[in-house]
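Each chain gets a letter, A, B and so on, in the order the sequences are listed, and its residues count up from 1. Computation of the quantities below employed the complete heavy-atom set of this structure, encompassing side-chain atoms and omitting hydrogens, waters and symmetry-equivalent molecules. Since the structure is predicted, the reported quantities are computational estimates derived from the model, not experimental observations.
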Amino acid sequence: MSGLGIWNYLIIIFLMMTGLYMVISSSNLVKKLIGLNVFQTSVFFMYISFGYITGGAGPLFNENVELYSNPLPHVLILTAIVVGVATTAVGLALAIRIKESFGTIEEDDLHKMDSSL
Amino acid sequence: MDILQILSAVLLGLGAILGVVGAIGILRFPDFYTRMHASGITDTLCTGFFIGGLMLQFGMTLASVKLLLIFMFMLFTCPTATHALAKAARHGKLKPWTRADADAGLSNEGRVS
Amino acid sequence: MLEQLIDIFLLAFLAIISIAIVRIRNVFTAVMLFGIYSLVSASLFMILDAADVAFTEAAVGAGISTILMLATLSLVGRDREKPLVKKKISFLPLVIVLVTGATLVYGIVDLPPFGAADNPVHTHVAPRYIFQSMSEIDVPNLVTAVLASYRGFDTLGEVVVIFTAGIGVLLLIGGRRRKEENADE
Amino acid sequence: MILTSAALAILVTMLLAIIRALLGPTIYDRILAVNMFGTKTVLLIAVIAGIAGRGDYLDIALVYAMINFIAIVAVMKYFEYGSLGSIGNDAPGKQEGE
Amino acid sequence: MSDHMILRVVGKFLIPYIMLFGLYVQFHGDFGPGGGFQAGVIFASAFVIHTLLFGVRATQKIAPEWVLRLVASAGVLLYAGVGVASLMLGANFLDYDVLGAYPVAGQHLGIILVEAGVGLTVASVIMLMFFTFAARGEPEGESP
């Protein structure tokens, strides 16, 4: 594996782990959602890295190009990004409702208020 | 190397110098207003130089028209954003850091009063 | 060569920004840094030849996500308030993250080489999409061809998901405030 | 070669802007750095399009410029008025009751 | 935002061009980067900037919520309707070959219609979401 590949995948895993850490450890709900987005983006990088071919062109048909990157991961990720923002919006709406009902979006406080959680 | 390439190189070089100078300014100047003057002045001109150099690279194609559109867009939005930001900072009662403050030994960072 | 250099730089930017997002306590600043993060990741997609994905990420990730998060912050309060519960330092999340990360790093050793043209992923269905779509569909942008025609059923599902998410947001926070109960039709 | 050095210069500029965005004592410094970063990203994309020799990619640069402007306006409005949907201090397009 | 005179003027000046660019991305998606998803978001962001500059109530007069709900549903229906139309013409669901006089023409027509459906849905759902978020904190316009 080339050096660039190792570097790419290492950073992808690093980003994934930062996102995971944010989701687990930060108690603010909005920040958790940011962590979720970071995690999601790292998965996008992973797919796009798989589809990349060194020296290939982007998947736009051109008469004098022989080698194209794989268009399939691009399609999957393109839709995943839009779906991702839609789900993020639902999560944010939930955070707003929690704030209105409980007066806080800190998870620790929520646990204290509602012992059934 | 024909004349267009040399001209393009000169334009791109000027743009790069302006960009780096602006970035150094934004990093090194003491308070918000001076930093804003560093970035606000260089940003638009740097964009102009870069776009000009790239237009020479692309030649007379549709791409040059698109570059021109980008330049027009940035020509409107960059100064507007800078102006609005400065106005917001003034509204937010962010005081400029003056020589008197420096003499009095006050810190230069983030005085909102 | 140059593409690799830019790639390395941008990935390093991403790592720096993500660390900063983890460490910063003010949520507003975290949202702003997330905006930068989206911009950088969109340029990275650009470098990796995924122009359409970069387009989407720039418009959706950097634009709409950031704006929706700002709108949420304006409703839930900007700053991290003093928590009622004193947060006790816990090393459990860090341990979990490190163990998971180590496992994944162990896993990448077996991945096929980065950027090679004969990886398994490029041999199965991609050649058909690439080389026959011009005669079958005649749309130069292969991504559009795959998105709308070969995989049209998937995309229908995605559109329905977005529509459902819109309905969900409307049901959760749309309409009148809770002041007058049962005022919603 | 020319474009390569230009891209490198832009990357260095972006690095400096990121440092300011992370240090930035006041929130305005951060917004300024983010704005500068966005501008430089537009230029980077344009230069990448030049390196690849594809004019199609310039659409993406245009969209970046636009999104950058909108995001900066949104951040400022949020910071100044505390809400994205309000009209501001006074209302020229006065809101009538429904 | 009325004390930001320059911002208002420039922003109002840019809105039609942003919309035009959205339409360009929508219909140029076959030949360059772009397509329904991106175009929808760009078109919606024109309304977002209008909201930022003039307040959410003013924008909701231009694009009322019931219209957006209708358009969002219409987009999904358009997409599914293309599939049903190809079923009716004797092919598989979403097989566009039968829509035109010859297969490639059918594919072109199908892709344009489908992308239009995606664009309509995405644009109106994003606008709907943003208006909902922005209007949440605002007074309704009637006595509280």
Practice prompt. Give the intermediate values and the outcome of side-chain contact (heavy atoms from CB on, under 4.5 Å) for residues A:L72 and C:R151.
Written response: CA-CA 9 Å; A:L72 193 54; C:R151 300 207 152 245; 3.4 Å; yes
Practice prompt. Side chain from CB out, backbone as N, CA, C, O: work out which of these in A:M17 comes under 4.5 Å of a heavy atom of chain C, or both, or neither.
Written response: both
Worksheet item: Is there a donor-acceptor pair closer than 3.5 Å between any side-chain N or O of A:T79 and the backbone N or O of C:T155?
Response: no
Worksheet item: Looking at C:A126, C:A15, C:A116, which one has more heavy-atom pairs under 4.5 Å with chain A than the rest?
Response: C:A15
Discussion item. Donor-acceptor check, side chain of C:D138 to backbone of C:S133, threshold 3.5 angstrom: yes or no?
Written reply: no
Fill in: Proximity breakdown for C:I21 and chain A, heavy-atom pairs closer than 4.5 Å
both
Worksheet item: Which atoms of C:M134 come close to chain A, meaning under 4.5 Å heavy atom to heavy atom: side chain ones, backbone ones, both, or neither?
Response: side chain
Discussion item. For A:E107 and A:S27, which I'm curious about, is there any donor-acceptor pair between the side chains at under 3.5 Å?
Written reply: no
Worksheet entry | Flag side-chain contact, heavy atom, 4.5 Å: C:L111 against A:Y9 | yes
Fill in: A:Y47, OH atom: more than 12 neighbouring heavy atoms under 6.0 Å
no
Worksheet item: Quick one: what part of C:F55 sits under 4.5 Å from any heavy atom of chain A, side chain, backbone, both or neither?
Response: neither
Worksheet item: Do any of residues 29-38 of chain C have a heavy atom less than 4.5 Å from a heavy atom of chain A, and if so, which, in residue order?
Response: C:A30, C:V31, C:F34, C:Y37
Worksheet item: Which answer fits C:A51, side chain, backbone, both or neither, if we ask what part of it has an atom under 4.5 Å from a heavy atom of chain A?
Response: neither
Worksheet item: Who in residues 35-43 of chain A is close to chain C, using a strict under-4.5 Å heavy-atom cut-off?
Response: A:N37, A:V38, A:T41
Practice prompt. Flag the one option from C:T164, C:I130, C:V161 with the top tally of heavy-atom pairs under 4.5 Å to chain A.
Written response: C:I130
Discussion item. With heavy-atom distances below 4.5 Å as the criterion, would you say the side chains of C:E57 and C:M46 are in contact?
Written reply: no
Worksheet item: Would you say the side-chain atoms of A:T87 pair up with the backbone N or O of A:G84, donor to acceptor, closer than 3.5 Å?
Response: yes
Response to the item:
Rounded to the nearest 0.5 angstrom, the CG-CG distance for C:D49 and A:L67 is 9.5 Å
Fill in: A:I12 portion near chain C, given a 4.5 angstrom heavy-atom threshold
neither
Practice prompt. Count the heavy-atom pairs under 4.5 Å between each of C:S41, C:G168, C:A12 and chain A, then report the option with the highest count.
Written response: C:S41
Discussion item. The test is side-chain contact (heavy atoms from CB on, under 4.5 Å); show your working for A:S49 and C:L48 and say whether it passes.
Written reply: CA-CA 7 Å; A:S49 299; C:L48 293 176; 4.1 Å; yes
Worksheet item: Considering only heavy atoms, which portion of A:I11 lies under 4.5 Å from any heavy atom of chain C: side chain, backbone, both, or neither?
Response: side chain
Worksheet item: With only heavy atoms counted, which part of A:F14 is less than 4.5 Å from chain C, the side chain, the backbone, both or neither?
Response: side chain
Practice prompt. Taking only Lys NZ, Arg NE, NH1 and NH2, and the carboxylate oxygens of Asp or Glu, determine whether A:E106 and A:K99 approach each other closer than 4.0 Å.
Written response: no
Worksheet entry | Contact leader toward chain A among C:I162, C:V125, C:I96, where contacts are heavy-atom pairs under 4.5 Å | C:I162
Worksheet item: Heavy-atom distance under 4.5 Å between the side chains of A:L110 and A:T104, does that happen here?
Response: yes
Fill in: Residue part contacting chain C, namely of A:I13, when any heavy atom lies under 4.5 Å
side chain
Item to complete: State, yes or no, whether a side-chain contact exists between C:L68 and C:I64 at a heavy-atom distance under 4.5 Å.
Response: yes
Worksheet entry | Among C:V159, C:V60, C:V97, C:V139, residue most engaged with chain A (heavy-atom pairs, under 4.5 Å) | C:V97
Worksheet item: Where does C:L10 contact chain A at under 4.5 Å (heavy atoms): side chain, backbone, both or neither?
Response: neither
Discussion item. Here's a test for you: under ring-ring contact (aromatic ring centres under 6.0 Å, His included), which of A:W7, A:F50, A:Y52 qualifies with C:F114?
Written reply: A:Y52
Practice prompt. Run the numbers on C:E158 and A:V82 for side-chain contact (heavy atoms from CB on, under 4.5 Å), then give the verdict.
Written response: CA-CA 8 Å; C:E158 312 280 5; A:V82 184; over 6 Å; no
Discussion item. Looking at C:L172, is its backbone amide N or carbonyl O close enough to the side chain of A:R97 to form a donor-acceptor pair, meaning the two atoms are under 3.5 Å apart?
Written reply: yes
Practice prompt. Let me know if C:L98 has heavy atoms under 4.5 Å from chain A in its side chain, its backbone, both or neither.
Written response: neither
Fill in: Check: C:P113 main-chain N/O paired with C:N119 side-chain donor or acceptor under 3.5 Å
yes
Worksheet item: Given the rule in the side-chain contact (heavy atoms from CB on, under 4.5 Å) test, do C:L14 and A:F45 qualify, once you have shown the distances and angles that lead to the verdict?
Response: CA-CA 11 Å; C:L14 281 179; A:F45 287 139; 3.4 Å; yes
Fill in: Region of A:L92 in contact with chain C, defined by heavy-atom distances below 4.5 Å
both
